[in-house]
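Please read the structure below before turning to the comments.
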2 protein chains.
Amino acid sequence: MSTKTRRRRPEARPDEILDAALSVFVEQGFTAARVEDIAKRAGLSKGAVYLYFPSKEAMLKALVEQSAGALAKAAERLISVGAPRDPEAALRGVIFMMITAMTDPDISAAPRLVLTEAHRFPDIAAHYRDQVLETARRAIETLAADGVEAGTFRPVDADMLMRCIGGPCLGHMMLASAFDFHPKNLREPVDVADALSDLLLHGLKPREDARCD
Amino acid sequence: MSTKTRRRRPEARPDEILDAALSVFVEQGFTAARVEDIAKRAGLSKGAVYLYFPSKEAMLKALVEQSAGALAKAAERLISVGAPRDPEAALRGVIFMMITAMTDPDISAAPRLVLTEAHRFPDIAAHYRDQVLETARRAIETLAADGVEAGTFRPVDADMLMRCIGGPCLGHMMLASAFDFHPKNLREPVDVADALSDLLLHGLKPREDARCD
DNA sequence: TGCAACTAACTGACCGGTCAGTTATTAAAT
DNA sequence: ATTTAATAACTGACCGGTCAGTTAGTTGCA
């Protein structure tokens with residue numbers, strides 16, 4: 001019911017406000033973001049957002065918890081599914097998913113926000129680290145172990161692999177969002193993901209064994 | 001402290017103020033940073049910093065230009081030197097240098113600042129992109145071409161290689177600085193750099209040819 | 001059906017604190 | 001005595017958060 005008039009059942013309000021808050025926070029940064037702008041973008045007055053959230057910081061925390069929950073769940077799913085059959089395909093899938101997510105400004109907004117604000121909110125940083133990063137690390141560890149067992153991966157350090165998968169995705173995103181700096185030839189997300197997967201799997205040095213893929 | 005008394009030749013002041021500004025900006029973010037805190041850290045009163053900089057934003061711009069200039073110069077040097085002899089050693093050197101720099105909070109401070117503030121200052125973003133990123137890309141391109149010519153690298157996309165070198169370094173730094181998240185086994189920068197170099201050079205898949213390293 | 005009485009949702013003016021930037025003044029060095 | 005470096009007090013704009021008041025919608029009752 002899109003009542004143009006005053007809301008009767010305003011249970012959607014908190015999410016509307018959080019959507020608006022996320023976009024303003026990402027654009028302006030948390031400190032420079034004005035609650036009045038958030039309100040305007042959500043179609044309310046400033047006073048009204050304080051009916052739903054006790055403070056600006058509470059909106060930030062709610063956003064972070066939302067995002068962390070979703071990411072942690074995704075990582076947990078990766079762990080529980082595992083990839084004993086085809087670790088390479090699983091790795092390619094993860095990379096494609098990450099590049100796709102990072103390329104979409106809406107999806108990458110919350111992680112970007114966390115990345116830029118975490119160090120000033122120690123509890124947010126700790127929450128994200130424990131919920132998301134540790135879980136992601138375990139997911140990578142599982143994937144790597146499955147690959148080694150299947151003989152398709154050689155053993156490598158999990159933290160390094162994590163940084164070698166997430167780092168390029170992160171870099172790709174930050175270069176685009178902060179500097180508007182894009183690859184010259186790799187135009188589509190799928191091309192970026194494939195190039196990353198290939199480089200990660202086969203390495204920079206040529207293979208003496210003829211078979212590469 | 002040299003002169004407890006009033007300075008006669010204050011030509012060192014601008015740099016002292018910029019040092020203080022950098023540390024406060026990185027800790028608090030540009031908007032939340034208070035000029036009075038910068039002044040205090042530089043050992044001055046607030047009014048005095050306005051004798052050297054016309055505004056808070058001018059300090060930010062000066063910092064960015066300083067950092068961008070240094071980084072651009074470093075990248076230019078990489079290009080002009082080239083690495084036709086031993087591209088692998090050159091790559092390992094670049095990676096070691098980057099990991100070392102990113103691990104030092106003082107050295108990585110300015111890039112971190114740029115990364116978090118660039119998107120709100122389009123001219124800063126453009127400047128950094130044109131001065132630093134484009135030059136770095138060319139440096140990587142040169143290195144990759146030298147490697148291919150020498151037969152030690154296979155041809156890969158320069159933008160991808162750039163993201164695969166810089167991304168993990170960036171990720172490593174951000175995980176540490178924002179989340180206090182560190183590798184479990186790779187304790188020293190040199191170990192991180194070696195692990196990254198190895199993974200990048202040899203890939204995740206086992207080599208059928210016995211020789212690795 | 002019409003009409004009070006009531007409530008939920010919202011508004012916007014306002015208050016108080018903060019902080020970038022200014023200025024009147026002081027003090028050291030020459 | 002003059003100039004220069006610096007300060008401390010000040011100004012004014014801005015913004016997070018509050019709250020008295022308004023309006024839209026609901027309920028009870030005739």
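Any value given below was found using the heavy atoms of this structure, including those in side chains, with hydrogens, waters and symmetry copies removed. Chain A is the first sequence line, chain B the second, and so forth, proteins listed ahead of strands; every chain is numbered from 1.
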Residue closer to the 5' end of DNA chain D, A/T31 versus A/G47 (nearest nucleotide):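 Final value for this comparison: A/T31.
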Contact nearer the 5' end of DNA chain D, comparing A/P54 with B/G43: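 Going by which nucleotide is closer to the 5' end, it is B/G43.
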Salt-bridge contact B/R138-B/E134 (side-chain N to carboxylate O under 4.0 Å):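 B/E134 and B/R138: not salt-bridged.
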Give the rounded distance in Å between these two atoms: [atom1] of [X] and [atom2] of [N].
{"X": "B/I17", "N": "C/dG21", "atom1": "CD1", "atom2": "P", "value": "14 Å"}
{"X": "A/K40", "N": "C/dT11", "atom1": "NZ", "atom2": "C1'", "value": "13 Å"}
{"X": "A/Y50", "N": "C/dA9", "atom1": "OH", "atom2": "C1'", "value": "18 Å"}
{"X": "A/L51", "N": "D/dT23", "atom1": "CG", "atom2": "P", "value": "17 Å"}

Residues that B/D104 engages under side-chain contact (heavy atoms from CB on, under 4.5 Å), provided they are two or more places apart: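 Applying side-chain contact (heavy atoms from CB on, under 4.5 Å) to B/D104 gives B/D106, B/I107.
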Tell me every residue that passes side-chain contact (heavy atoms from CB on, under 4.5 Å) with A/K40, counting only those two or more places apart in sequence or in another chain.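 By the side-chain contact (heavy atoms from CB on, under 4.5 Å) rule, A/K40 matches A/E36.
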If you look only at pairs with a residue in residues 75-86 of chain A, which of them pass as a side chain to side chain donor-acceptor pair (under 3.5 Å), with sequence neighbours excluded?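 For residues 75-86 of chain A, and leaving out neighbouring residues, there are no side chain to side chain donor-acceptor pair (under 3.5 Å) pairs at all.
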Enumerate the residue pairs fulfilling side chain to side chain donor-acceptor pair (under 3.5 Å) with a member in residues 158-169 of chain A, sequence neighbours excluded, ordered by first and then second residue. A/R137-A/D159, A/R163-B/H172
Given D/dT7, C/dG12, D/dA5, identify the nucleotide with an atom nearest to the side chain of A/S45. C/dG12
Base, sugar-phosphate, or nothing for A/L44, non-hydrogen atoms under 4.0 angstrom? sugar-phosphate
Polar atom pairs (N or O), protein with nucleotides 14-19 of chain C, under 3.5 Å:
unit_1 : atom_1 : unit_2 : atom_2 : d
C/dC19 : OP2    : B/R34  : NE     : 3.1

Those residues that, when tested against B/T31, pass side-chain hydrogen bond (donor to acceptor under 3.5 Å, both in side chains) (two or more places apart): B/R120
